[in-house]
Protein chains: 2
Amino acid sequence: MSLLPTRNAALRYCTPLAREPISPEQAEGVSRMLKALADPVRLRLMSMILSHEGGEACAMCDLTEGFDLAPSTLSHHLKVLHDAGLVDRDKRGVWVYYKARSEAMGALRTLFSGDLAAPQSA
Amino acid sequence: MSLLPTRNAALRYCTPLAREPISPEQAEGVSRMLKALADPVRLRLMSMILSHEGGEACAMCDLTEGFDLAPSTLSHHLKVLHDAGLVDRDKRGVWVYYKARSEAMGALRTLFSGDLAAPQSA
DNA sequence: CAAGGACATCGACATGCGTACATGTTGACA
DNA sequence: TGTCAACATGTACGCATGTCGATGTCCTTG
């Protein structure tokens, strides 16, 4: 119950959108990642984590600045990112550090890679 | 009223997530694109459009196969993609052709580009 | 001009999602 | 052991969203 079996499934079958029509299963998996990222708060959180020193950030130390939200709300958003397999959670003492999962980031990069506008400039 | 002023705004300021914490405004704009894509049906539609010959596809000719949805539902999803600035609409006679907008696709590619796991392999 | 097809739009309904408050859990420290 | 701080979880509320049937609009064809 600790790891969802579908978490890695989408990553494995992640192909460029423009290569061929993706399968309903892949669409389901990928949309789960994108849904987690399709929120202004979570997008900023993800960017803050990614651009933070060491590629990881402490929840209440580094990730509260600039937000006018209740702590529980921030925690909820981080959980959504974690459940989607986008970030790893590492509890060190009292603080919790979040780090981006390179597999997930790579999958998203792959998704939008390739010649997405091939016949445009030609 | 034909073009939303915010449509191009997000594209202009689209920087890699890992470069620096994105601004709330950029997060708002980018999330609008991702929200449009964060649905299995629309993801498949986008992939079908991108991978179709010529980079464009006819709504009822090419984009209904494989879906068990009412035509109005498909039309709605295509409208969402269009409103988000992800596809262009071109009515030719009775048929409507949808084509991916290269600016939007490029923005998404930029978003997930860069070293998203810098201290990982080093 | 009439009929039909290819869409888009309009309610309407069920579900999902963002937010906050209250509460629970865990670890550091006196 | 008791207290406080850093979270996570549960519940609840309001709004957004996916879906559909019905209707409207535009173009083609007879």
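Residue numbers begin at 1 in each chain, while the letters A, B, ... track the order of the sequences.
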J.: Enter the distance from A/S75:OG to A/L63:CG here, rounded to the nearest 0.5 Å.
T.: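 The distance works out to 11.0 Å.
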J.: Rounded to the nearest angstrom, tell me the gap between atom CG in A/D62 and atom P in D/dA6.
T.: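 These atoms are roughly 13 Å apart.
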J.: Can you check whether B/L69's main-chain N or O pairs, donor with acceptor, with B/T73's side chain at less than 3.5 Å?
T.: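 Judged by distance alone, no pair lies under 3.5 Å.
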J.: Round to a whole Å and report the spacing from NZ of B/K79 to P of C/dA6.
T.: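 Distance check: B/K79 NZ to C/dA6 P gives 21 Å.
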J.: Does D/dA8 have OP1 or OP2 under 4.0 Å away from a side-chain N or O of A/R89?
T.: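 Indeed, a polar side-chain atom of A/R89 lies that close.
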J.: Hey, does B/L74 reach any base, or is it just sugar-phosphate, or nothing, if we go heavy atoms under 4.0 Å?
T.: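 It contacts nothing in the nucleic acid.
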J.: Any side-chain heavy atom of A/R101 within less than 4.5 Å of one from A/L86?
T.: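 No, every pair of side-chain atoms sits at 4.5 Å or beyond.
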J.: Specify the separation, in whole Å, of atom CG of B/L69 and atom P of D/dG21.
T.: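 After rounding, the gap between these two atoms is 11 Å.
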J.: Nearest heavy atom decides the nucleotide; on that basis, is B/P71 or A/D39 closer to the 5' end of DNA chain C?
T.: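 The residue closer to the strand's 5' end, by nearest nucleotide, is B/P71.
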J.: Between A/D83 (CG) and D/dT9 (P), how many Å, whole number?
T.: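 Going from CG in A/D83 over to P in D/dT9 covers 8 Å.
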J.: Atom CG of B/L78 and atom P of C/dT9: how far apart are they, to the nearest Å?
T.: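 Atom CG in B/L78 sits about 11 Å away from atom P in C/dT9.
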J.: Which is it for B/M48 and B/D62 under the side chain to side chain contact (heavy atoms under 4.5 Å, CB included) test, yes or no, and what are the steps along the way?
T.: CA-CA 8 Å; B/M48 291 168 82; B/D62 311 314; over 6 Å; no
J.: Look at the side chain of A/T73 and the base of C/dG18, then say whether one donor and one acceptor between them are separated by less than 3.5 Å.
T.: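 Result: no qualifying N/O pair found.
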J.: Taking for each residue the nucleotide of DNA chain D bearing the nearest heavy atom, is the 5' side occupied by A/H76 or by A/K91?
T.: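 This one resolves to A/K91.
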J.: Hey, does the Lys NZ or Arg CZ of B/R89 hover above the aromatic six-ring of B/Y97, less than 6.0 Å from the centre and inside 45° of the axis?
T.: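 Geometry flag: not set, cation outside 6.0 Å or 45°.
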J.: Do A/S72 and C/dC21 share a donor-acceptor pair, side chain to base, under 3.5 Å?
T.: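 By the distance-only test, yes, there is a pair.
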J.: Whole Å only: how far is the NZ atom of A/K35 from the C1' atom of D/dG18?
T.: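 Taking NZ of A/K35 and C1' of D/dG18, I get 9 Å after rounding.
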J.: Which listed nucleotide (D/dA6, D/dG18, C/dT19) is nearest to the side chain of A/V41?
T.: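 Output: C/dT19.
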J.: In whole Å, what is the span from the OH atom of A/Y97 to the C1' atom of C/dT26?
T.: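 So the OH-C1' distance, A/Y97 to C/dT26, works out to 16 Å.
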J.: Over how many whole Å does the gap from B/H82 atom NE2 to C/dC7 atom P extend?
T.: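 Taking atom P of C/dC7 as the reference, NE2 of B/H82 is at 15 Å.
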J.: Given C/dA6, is OP1 or OP2 found less than 4.0 Å from the side-chain N or O atoms of B/R92?
T.: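 The answer is no; no side-chain N or O of B/R92 sits under 4.0 Å from OP1 or OP2.
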J.: For B/H77, report the nucleic acid contact type (base, sugar-phosphate, nothing); a contact means any heavy atom under 4.0 Å.
T.: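 Result for B/H77 = sugar-phosphate.
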J.: Given D/dA8, is OP1 or OP2 found less than 4.0 Å from the side-chain N or O atoms of A/Y98?
T.: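 So the side-chain polar atoms of A/Y98 do come within 4.0 Å of the phosphate oxygens OP1 or OP2 of D/dA8, strictly under.
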J.: Is A/S75 close enough to D/dA8 that one of its side-chain N or O atoms is under 4.0 Å from OP1 or OP2 there?
T.: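 So the side chain of A/S75 is within the cut-off, an N or O lying under 4.0 Å from OP1 or OP2 of D/dA8.
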